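What follows is a single structure, written as structure tokens, with notes after it.
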Amino acid sequence: MHAAGPGAGPPTERAAALASPQRRRLLGLLQEADAPADAHELAARTGLHLTTVRYHLDVLRRAGLVDSRSRRRAGAGRPRTVYSPVRTPESGGYPTLTRMLAAQLADTPEQRVAQARKAGLAWAAELMAGPDGSPTGVEDPARVVTGIFADLGFDPELVGDRSAGEIRLHACPFRTAARADPDVVCSVHLGLLRGTLDGLGTPETEVRLLPFVEPDLCLALLSTVD
């Protein structure tokens, strides 16, 4: 008996579900597992109370991020409920496609990085077509960049002030492909960041991208150039 979630939830619901570090950890464990897991297994791996794990799994299920199903036990007893992540095209064949495309970008890794960043700049140009203004300093551009990455599904969190902005990207929608080919995928995202800032009229803002500082966290660092 399959009791799947309602399908991919709206971005706001998915973002709310992923706002919890505990839910991000549970989802990460399910994504890395070779087979579906039940709440007892996940509670043992995380040290969380069984009731807490079940609550978080239900939130993830309602957000369309995990599926649940009943599975018969080997011996006697009631069927157990197991959970698995909702698979998307990105988590299936997309990494292979990325590697194939990356191989065609250029002959050397350095050239591929440069071409990938150029693609990110072009992506930003499309997103920034017809901006209404050109904010200065790092605070306003950081908020615009955060909004763009929120629309793209990165679940960003902005911290910092006008002299140093940090955008924490909690849910890269291209995570699987980025792990398979970080030079290309992360360089596209760096180009997107740089192109967005240029489009806002803030070329004096320096940007760095630190991928996977934690299993489910990348950092975009913005700072003004003296």
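Since this is a predicted model, take the numbers as computed values, not measurements.
Residues meeting the side chain to side chain contact (heavy atoms under 4.5 Å, CB included) test with Val82, sequence neighbours left out: Pro36, Asp38, Arg69, Arg71, Arg80. With sequence neighbours excluded, the residues satisfying side chain to side chain contact (heavy atoms under 4.5 Å, CB included) with Arg194 are Arg117, Leu121, Leu197, Asp198, Val207.
Rounding to the nearest 0.5 Å places CZ of Arg24 at 12.0 Å from CD of Gln31. To the nearest 0.5 angstrom, Leu57 atom CG is 11.5 Å from Gln22 atom CD. Remark: Ile148 CD1 to Thr196 OG1 distance equals 4.0 Å, nearest 0.5 Å. Note: Arg208 CZ to Leu193 CG = 12.5 Å, rounded to the nearest 0.5 Å. Note that CZ of Arg25 is 8.5 Å distant from CZ of Arg45, once rounded to the nearest 0.5 Å. Of the inter-residue distances, the one linking Thr205 atom OG1 with Leu222 atom CG reads 6.5 Å to the nearest 0.5 angstrom.
The shortest distance between side-chain heavy atoms of Pro211 and Pro182 does not fall below 4.5 Å. Within the 4.5 Å cutoff, no side-chain heavy atoms of Val188 are placed close to those of Leu192. Put simply, the side chain of Leu169 reaches to within 4.5 Å of the side chain of Leu209, judged on heavy atoms.
Sequence neighbours left out, the pairs with a member in residues 183-202 that pass ring pair (Phe, Tyr, Trp, His ring centres under 6.0 Å) are Phe154-His189, Phe174-His189. For residues 194-223, the set of pairs meeting the ring pair (Phe, Tyr, Trp, His ring centres under 6.0 Å) definition, not counting sequence neighbours, is empty.
The main-chain N or O of Ala17 is found under 3.5 Å from a side-chain atom of Arg23 such that the two form a donor-acceptor pair.
Through direct or relayed side-chain contacts under 4.5 Å between Ile, Leu, Val, Met, Phe, Trp and Tyr, Val213 connects to Leu210, Leu217, Leu219, Leu221. Cluster note: Val59 groups with Tyr55 through ILVMFWY side-chain heavy atoms spaced under 4.5 Å, whether in direct contact or through intervening members.
Contact detail for Leu26 and Leu42: the closest heavy-atom pair is CD2-CB, 3.9 Å. A pairwise comparison of heavy atoms in Arg54 and Ala39 identifies CG-CB, 3.7 Å as the closest pair.
Applying the side-chain contact (heavy atoms from CB on, under 4.5 Å) test between Leu30 and each of Val66, Val86, Leu65 identifies Val66 as the sole match.
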Let's go through Arg168 and Val159 carefully: what are the C-alpha distance in whole Å and the side-chain angles of both, what is the deciding distance for side-chain contact (heavy atoms from CB on, under 4.5 Å) to 0.1 Å, and is it a yes or a no?
CA-CA 8 Å; Arg168 300 173 181 174; Val159 298; 4.0 Å; yes
